[in-house]
Amino acid sequence: MGDSANGLINRPILASIHTAAFQHNLNRVRELAPESKIWSVIKARAYGHCFDAALKGLASTDGFALLDIQDAAWLRQHGWKGRILLLEGFFHENELSLAQELACDLVVHCEAQVEWLERFKAKNHKPFNVFLKMNTGMNRLGFKPDNYRTAFHRLHAAGYHMHHMTHFANADQIDQSPTVGAQQELFNQTIEGLEGSTSLANSAAILWHRNALGDWVRPGIMLYGASPTGLHADIKHANLQAVMQLHSEIIDIQDLQKGDRIGYGGRYEATAAMRVGIVACGYADGYPRHAKDGTPVWVAQGNEGVVCPLVGRVSMDMLAIDLRKAPNARIGTAVQLWGDKVPVDDVAQMSDTIGYELLCAVAPRVPVAIK
Ligand SMILES: *Cc1c(COP(=O)(O)O)cnc(C)c1O
């Protein structure tokens, strides 16, 4: 396709990552949490956006929070000198030397980690910054309040620099979340009288529970321009920008008669004569196979573009769209699967999931362009 909209020479699919949108969203976090420092959460390859793009777009963050120490090593190799928080700490004792070399801060959430750190300190290493994780009701990671103070005092006695952390289970309840209040209260009671900074808020709390921020906020999904609830309507007025745009092109056009069926299983039956565009994007690219008929797909038309409905089951490498609203569409016409024209959450909603899952699931075979 010589006149490829993407300028590609291969299969016409591309995830473009817009670093200006990253910066914009990070600035929004600063506006919403002006008193807090920011751990930009970039687990899962920066929610599928790739670390290179995150490092470029989020360079003015106070720190990056992630899971895998190899990714921390990558950040250091690529010049990141700021703070790095390992969100689940370390999985095995033998990671501690590397974590120290890389100057990572550690989340500590269980007794075994406390023991490993006591042994590590006993060998006269430099102390880590430790964010001790309290389980205030999420019941995933962390110390119950009863054991929290004991763990705190043990690590404090071993010479570590101690901080406090918890994670909300229901901060995506927008207007009011009794559990956020209850978790926060338990957290505050438990750390009473203990030194150290605090970290509580994920994106949902930053957007909707600003009395629960703490010294360090931990935004993830809002940095990528998607909604903590999975519903785009909930962030429509939050002034966030989609960072990823998933682009492809129409690679074939079929003229259907009333009654013709499309794709595997013939799920969609044409109710009238229609042109159908075949788009080079399927579930092997990370597009959800469960997307229902009517899932929005943006198609270029002049300078504007229109949203056309998906029709029929998504297959491995392709999907089909009803082109009745896009009479000028032809082979090579640009399509956006999600991004600034179609919120990823709108696509997710049509396949009973949330934008988080779609962003993280963009497949390695999709080329990435950092803009
Ligand atoms: C993933 C994660 C976050 C970010 O959550 P978002 O909902 O994406 O803002 C914050 N804190 C912890 C501990 C996490 O695991």
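One-based numbering, in listed order, for ligands and for the atoms of each. Not measured: the values here are computed from a predicted model.
Atoms of ligand 1 lying under 4.0 Å from at least one heavy atom of I221, given by number and element, are 6 (P), 8 (O), 9 (O). The atoms of ligand 1 that sit less than 4.0 Å from any heavy atom of G220 are 4 (C), 6 (P), 8 (O), 9 (O). Near Y47, with a cut-off below 4.0 Å to any heavy atom, the atoms of ligand 1 are 1 (C), 4 (C), 5 (O), 6 (P), 8 (O). Taking every non-hydrogen atom of K43 and a distance limit under 4.0 Å, the qualifying atoms of ligand 1 come out as 1 (C), 2 (C), 3 (C), 14 (C), 15 (O).
At a 4.0 Å heavy-atom cut-off, ligand 1 touches S203 through backbone and side chain alike.
Using modelled atom types, one side-chain atom of D345 and one backbone atom of G355 make a donor-acceptor pair closer than 3.5 Å.
Residue Y356 holds the heavy atom nearest to atom 7 (O) of ligand 1 of all those in W39, F168, Y356. Closest to atom 10 (C) of ligand 1 by heavy atom, among R218, K133, R140, is R218.
Judged as a salt bridge (charged side-chain N to carboxylate O under 4.0 Å, His left out), and not counting sequence neighbours, E357 has no contacts. Not counting sequence neighbours, the partners of E31 by the side chain to side chain donor-acceptor pair (under 3.5 Å) test are R28.
Closest non-hydrogen pair, W338 versus L359, comes out as NE1-CD2, 3.9 Å.
Note that OG1 of T19 and NE2 of H49 are 11.5 Å apart. Values are rounded to the nearest 0.5 Å.
Inspection of the D215 and H163 side chains reveals no N or O donor paired with an N or O acceptor under 3.5 Å.
Protein heavy atom closest to atom 12 (C) of ligand 1, with residue, atom name and distance, is H167 CE1, 3.4 Å.
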